[in-house]
Every structure is written in structure tokens, then in C-alpha cells.
There are 2 protein chains.
Amino acid sequence: MQTPGEFVREQVTTVRSTVDRVAGSVADSVADAPGVSAVGSSVGDFIREQRNAARVSLRELARTAGVSNPYLSQVERGLRKPSAEILASIARGLKISAETLYEQAGILDRRSGNPDTVAAIRSDDALSERHKAVLLELYETYVREHRASSPAAS
Amino acid sequence: MQTPGEFVREQVTTVRSTVDRVAGSVADSVADAPGVSAVGSSVGDFIREQRNAARVSLRELARTAGVSNPYLSQVERGLRKPSAEILASIARGLKISAETLYEQAGILDRRSGNPDTVAAIRSDDALSERHKAVLLELYETYVREHRASSPAAS
DNA sequence: CCGCTCCGCTTGCAGGAGCTAGCACCCGGG
DNA sequence: CCCGGGTGCTAGCTCCTGCAAGCGGAGCGG
């Protein structure tokens with residue numbers, strides 16, 4: 001078994017190289033990449049966006065979320081207003097947080113606009129310094145990538 | 001040319017596999033459904049508790065929450081399972097956060113880490129939803145690991 | 001061409017959410 | 001004694017959620 005330090009170090013390297021490679025390979029195709037970040041007017045639109053972004057079929061998501069496929073169809077088209085449990089199940093099926101869906105559904109207030117994530121990670125005493133380094137590294141990579149793929153979003 | 005969805009998906013997959021090496025089954029904790037089942041009465045008990053603590057009558061809370069008093073009565077006794085909107089209204093009437101009620105209702109998981117960091121990541125609009133998910137998973141893994149390695153810190 | 005499988009959508013129904021109306025009880029004042 | 005207003009709970013209803021069944025269309029091997 002590795003020591004935690006070794007494992008973190010290795011992981012930083014692996015994650016960085018992985019992200020770099022992927023980001024590089026995508027550099028050419030980011031011209032038309034607005035899709036994922038669009039602010040859906042309704043929950044259904046947002047769900048469908050996320051589902052399409054994940055390349056998951058309606059039936060597939062319905063199965064992993066534990067709901068019927070016709071109902072999910074209606075939810076996505078805004079014909080039905082799903083309950084909180086269903087919403088949570090769908091969030092799990094989409095591997096996104098339930099809070100996000102609740103915010104989209106308008107039943108949770110959207111949190112403060114732009115807190116400093118870096119500062120939060122740095123000052124989090126539930127993390128070791130190495131773990132902070134990994135998270136910050138990954139975070140910055142993601143932010144860079146997000147800026148590249150949707151420059152219009154501020 | 002790659003679509004945005006493919007790009008996101010590929011990257012999540014690669015990073016996730018890296019995380020999986022470290023985190024083992026942690027990635028599944030998002031997909032698994034822990035809290036949704038077998039709730040019901042606890043929310044009602046909690047609501048009644050809060051209402052009594054605030055010295056508010058059932059009808060009074062019902063009025064401020066915008067629901068009928070019989071229905072609130074049934075909700076408090078666990079006979080009815082209120083929707084997310086009703087829950088949010090009741091939370092507003094009780095002057096408590098909706099998150100608290102959702103956690104009581106079992107439709108929001110209580111996060112293990114520092115809430116500030118979690119909130120910062122979650123509300124960071126420089127990240128896509130999937131990147132948030134990856135960061136949060138990794139973060140929680142680290143927090144758990146940190147706790148395991150230094151249990152004395154409390 | 002057919003048959004098979006997948007896709008998403010439409011239909012019809014069971015059951016529960018949420019409301020209005022009304023119940024029984026307790027208290028203070030005429 | 002008998003009101004008027006307070007508490008919480010019950011009965012019956014309407015409407016909508018959420019599902020099972022079935023639809024037409026698109027791809028693919030025979």
C-alpha cells in the first residue's frame with residue numbers, strides 16, 4: 001500500500017496530464033461549445049441538457065433514476081412538475097447535485113454569485129496541504145477549460 | 001469534430017477513473033440512493049417541533065406558509081408527504097432555511113465536509129456541473145481520509 | 001421486404017397531494 | 001347559560017403526479 005503522500009503526488013501528476021491531453025485534443029473544437037452551460041428556463045430543459053451532455057438516452061436515465069421513461073419525457077418537456085424525491089432521483093441518475101436541480105426548479109434560492117472557491121479550499125482545515133494542492137490544481141484546470149469553452153459566460 | 005457533450009463526457013470519464021483508483025467505491029456514493037426512502041414522519045415532527053418552539057399556532061403557520069391548516073396538520077403528523085414547494089413555503093413560514101427541511105425530509109444529503117467549501121464549489125459558475133461533481137467527490141474523499149488519519153482533530 | 005430492437009412520445013388509469021367545509025373541544029365574557 | 005373565538009383534527013372532493021401499456025419512426029441483420 002502506498003503512503004498518502006505518494007498517492008497524492010501521483011494523482012496530481014495523473015490528473016494534470018490527463019486533463020492537459022484532453023484539453024489539448026479539444027482545443028480545435030471549442031468554437032461551438034456553448035451547450036452545457038446554458039441556463040435552462042425550466043427544470044426540464046436543464047435536465048434534458050444535462051442528459052444530452054452525458055450522451056444518455058431518455059430510457060437509460062429513467063432506469064438509473066428509478067422513474068418511468070414516459071414520465072421522464074413529460075418532465076423534460078415541462079408537462080409535469082416532478083416532486084422533490086423524483087428530482088433527487090434524477091439528480092443522482094445525472095450524477096449532479098440535488099441542490100442544482102432544486103435551484104433550477106426554483107425551490108431553493110441560488111447561492112451567492114461568485115465566492116472565492118480557491119480561498120475556501122485553502123482555508124479548509126478538513127484538508128491536508130497536499131489534498132488542497134490537488135484540488136486547486138484540478139480546479140484551476142477546470143476553470144481554464146470552462147473559460148475556453150464558453151468565453152461569453154462571465 | 002467533437003461535440004461539447006463528448007468532450008465533457010470523455011474528460012469526466014478519465015478523471016473519474018483516476019479518482020476511482022483512489023476513492024474506490026466513493027464514486028458510487030453519489031449514484032446510490034441513501035436518504036430518500038422511509039422518511040415521512042421525521043419531517044413532520046421536525047416542523048411541529050420548530051413551530052412549538054416558536055410559539056406559533058398551527059393555523060398561524062399555515063397562513064404565513066400559504067397552506068391550509070388541515071393540510072399542515074396532516075403534514076406534521078406524517079399523514080401527507082408535502083411537495084418541495086410546500087416544504088419551501090413552510091420553511092419560509094418557520095423562518096428556517098429550506099436546506100434544513102430538505103435534509104430532514106431526506107431529499108438532500110448532509111455533506112460531510114466544510115459547508116463553505118462545498119458551497120463555494122457548488123456555486124462557482126466557472127465550473128460545469130460535471131466538474132463540480134468530480135471536485136465534490138474528490139473533496140469528500142479527501143475529507144474522509146483526513147478524518148481517518150487524524151481522528152483527534154475535532 | 002421482413003422482423004427485431006431501440007428511440008421518444010401519447011394515452012388511460014390508480015393513488016396521493018392539497019383544499020374547502022365542518023367536527024369536537026377549551027376558554028373568557030355577556 | 002350561551003355565545004364568539006381559539007386550538008387541532010376529520011370528511012369529502014378535485015386535480016395532478018407517476019406509471020403501465022401501446023404508438024409510430026429510425027437503424028440494422030436476414
Side-chain angles (χ1 to χ4, degrees), chain A residues 35-36 38 40-94 98 101-108, chain B residues 3 5-6 9 33 35-94 98 101-102 104-108:
Chain A
V36 186
S41 52
S42 71
V43 210
D45 292 338
F46 181 76
I47 292 175
R48 177 156 291 189
E49 263 173 45
Q50 294 295 316
R51 181 172 64 79
N52 289 333
R55 289 283 185 268
V56 174
S57 80
L58 190 148
R59 281 182 151 88
E60 176 73 14
L61 174 57
R63 200 179 325 119
T64 58
V67 301
S68 70
N69 51 87
Y71 185 62
L72 180 57
S73 166
Q74 291 168 324
V75 165
E76 286 190 348
R77 285 175 302 143
L79 302 183
R80 293 293 161 85
K81 186 183 65 178
S83 74
E85 281 130 301
I86 299 290
L87 231 41
S89 296
I90 294 176
R92 268 189 295 273
L94 281 172
L101 269 194
Y102 290 160
E103 285 171 2
Q104 285 290 330
I107 58 180
L108 256 190
Chain B
T3 69
E6 281 166 352
R9 190 166 148 79
V36 180
S37 58
V39 189
S41 64
S42 70
V43 206
D45 291 341
F46 181 75
I47 292 176
R48 177 156 293 190
E49 223 174 88
Q50 295 296 316
R51 181 173 62 80
N52 288 332
R55 308 275 178 199
V56 175
S57 77
L58 191 148
R59 279 182 153 89
E60 176 72 13
L61 174 58
R63 200 179 326 120
T64 57
V67 300
S68 70
N69 50 88
Y71 185 62
L72 180 57
S73 166
Q74 290 167 327
V75 165
E76 287 189 348
R77 285 176 300 147
L79 302 183
R80 288 285 194 270
K81 187 180 63 176
S83 76
E85 282 128 305
I86 299 291
L87 231 40
S89 297
I90 293 176
R92 231 172 293 128
L94 281 172
L101 267 194
Y102 290 161
Q104 285 288 329
I107 57 179
L108 259 189

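Below, all heavy atoms of this structure are taken into account, side chains as well, without hydrogens, waters or symmetry copies. Every chain is numbered from 1, with letters handed out A, B, ... down the list of sequences.
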B:P82 or A:E60, whichever maps to the more 5' nucleotide of DNA chain C: A:E60
Whole-Å distance separating the CD atom of A:E76 from the P atom of D:dG18: 15 Å
Residue-phosphate contact under 4.0 Å: A:R48 side-chain N/O, C:dC9 OP1/OP2: yes
Spacing of B:R80 atom CZ relative to D:dA11 atom P, expressed in whole Å: 12 Å
Chi angles and distances behind the side chain to side chain contact (heavy atoms under 4.5 Å, CB included) call for A:Q104, A:D45: CA-CA 9 Å; A:Q104 285 290 330; A:D45 292 338; over 6 Å; no
Backbone of A:V56 reached by a side-chain donor or acceptor of A:R51 within 3.5 Å: yes
Options C:dA21, D:dC19, C:dT10, nucleotide nearest the side-chain atoms of B:P70: C:dA21
Spacing of B:Y71 atom OH relative to D:dT14 atom P, expressed in whole Å: 19 Å
Nearest-nucleotide comparison on DNA chain D, the residue closer to the 5′ end among B:Q74 and A:V67: B:Q74
Interatomic distance where CZ belongs to B:R77 and P belongs to D:dG8 [whole Å]: 11 Å
Nearest-angstrom distance from the residue atom CG of B:L61 to P of D:dG6: 17 Å
Length of the CZ-C1' vector between B:R51 and D:dT7, whole Å: 10 Å
Distance-only donor-acceptor test (3.5 Å): side chain B:R59, base D:dG8: yes
Side chain of B:S83 - closest among C:dA17, D:dC9, D:dT7: C:dA17
